[in-house]
Protein chains: 2
Amino acid sequence: MTNAVQSYHHGDLRSALIEAATARLSQHGVDSLSLRKLAEDAGVSRTAPYHHFKDKSALLSAIAAKGFSDWHSTAKRIFEQEDKTPQERFREFIHEYIGYAADNPEMYELMFGRTIWQNQAATNDLKDVAFPCFQFQVTMTRYWQDKGLLPNNQDALRLAQVTWGTLHGIARLLIDGIYADSSHIEEMCDCAADLFMQKQG
Amino acid sequence: MTNAVQSYHHGDLRSALIEAATARLSQHGVDSLSLRKLAEDAGVSRTAPYHHFKDKSALLSAIAAKGFSDWHSTAKRIFEQEDKTPQERFREFIHEYIGYAADNPEMYELMFGRTIWQNQAATNDLKDVAFPCFQFQVTMTRYWQDKGLLPNNQDALRLAQVTWGTLHGIARLLIDGIYADSSHIEEMCDCAADLFMQKQG
DNA sequence: CGTTTTATCTTGACAGTGTCAACATAGCCT
DNA sequence: AGGCTATGTTGACACTGTCAAGATAAAACG
């Protein structure tokens, strides 16, 4: 694609690396993602990436950051649909969340996996994108509490952690292939939604 | 410990490897767990482990199997306390589940992480121990439905997947350090329990 | 008992990996 | 024009999982 003249300086290696990494990620998974292969994909030597990313973790964080940015947009779009009832939006959000995870398992694994979060390894750039995304979960939760969909006697932050935890847990059970397969995704989502909104039937 | 005479044949290398691995696991994490180091710990050459485990994944599966076995016992013990009400046991189970994950993060990560489950990599030995453990979750769910703690209009399997998913998700958010820290574990557990048992107050 | 089979352990080797150090190039600024 | 700095290069190191081929000891068998 961007292969005009093979010059000493690549021109936009950083973007090329992220692009190559994203492609490889969705096809072969996060585990088979090596800096050396990415460098080769970009037509550059093994250690060139180190001039754009501190280490492998930093590259992965950059990819995940883009994922969070995308998901944040999707979440907002769903939440701000004025023509639908809060309950409709709530259900849609659940289905979309699980659907996103099921459709992009490797990206989800990267975004919410321990690889980039453990040992405080998360880049500041990553946190800057991810934290607002988490915060939005709390904002939505508070809204649904106000609308009477979720119990009002619970702290919004705790409730957000629990409801999000539920979605996260279901997503991971699906993705990791643990006692749940993708043939019953919709039923699981509905079951979760029903459970949250018990009082409202 | 088991270091009598340094003979050509170790004697019980398989157990020694699992023991060394379990120790290293809890201290340094699953990522820094190499067959070579384990072999060295056991005072044996690099490739000796291959006579007891097909590959690295098989060794990890063996460790996880022990974890499942232990957890299954704990779950049963909690569930079968005749002197406590179903509701008390339900709450205790939630707290114990999250507590186990928080106290043994590396073991939990191994047991429920993608490392040993992805690509159908799970050993039959592992499945033989893990599946009854999953099934027990369904059994308990059905019981709690009968006792009126959980909604009776839901399929037990789906409900088990959702409730377990919740615990799993909370555990992972905690372990991976994503927008939740260990200082509010109890509150999160209570919030989850309240949410599940809404109708019953 | 001696012999043979089998389980176990060894060294050697290979293809990978992330990452550092030292050096090369080229574009930019003064 | 000259130097600074961003970017790219090769070389090297320590580490990984895993296979192949040979060594040893214990167990099985005649």
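Note: hydrogens, waters and symmetry copies are ignored here, and every other heavy atom, side chains too, is used.
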- Going through the distances and angles, do B/Asp194 and B/Arg91 end up as a salt bridge (Lys or Arg N to Asp or Glu O under 4.0 Å)? CA-CA 9 Å; B/Asp194 292 342; B/Arg91 287 199 115 89; 2.5 Å; yes
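Aromatic ring centres of B/Trp117 and B/Phe112 lie farther apart than the 6.0 Å criterion allows.
Phosphate contact (OP1/OP2 of C/dC9, side-chain N/O of B/His52, threshold under 4.0 Å): present. For A/Ser45 and D/dG8, the shortest distance from a side-chain N or O to OP1 or OP2 is not below 4.0 Å.
Side-chain atoms of A/Ser34 lie closest to C/dG18 of the nucleotides C/dG18, D/dG8, D/dG17. Nearest to the side chain of A/Leu35, among C/dG18, D/dT18, D/dG8, sits C/dG18. For A/Thr47, taking side-chain heavy atoms from C-beta onward, the closest of the listed nucleotides C/dT17, C/dT10, C/dT19 is C/dT19.
Evaluation of atom-type donor-acceptor distances gives a pair under 3.5 Å for the side chain of B/Arg46 against the base of C/dG12. Counting distance only, with no hydrogens placed and no angle test, the side-chain atoms of A/Arg36 and the base atoms of C/dG18 include a donor-acceptor pair under 3.5 Å.
B/Gln161 and B/Arg158 share a side-chain donor-acceptor pair at under 3.5 Å.
For the pair A/Asp31 CG and C/dG16 C1', the interatomic distance rounds to 15 Å; values are reported in whole Å. For the pair B/Tyr50 OH and D/dA20 C1', the computed distance is 13 Å after rounding to whole Å.
Among the atoms of the strands shown, only primed sugar atoms or phosphate atoms (P, OP1, OP2) are found under 4.0 Å from some heavy atom of A/Lys37.
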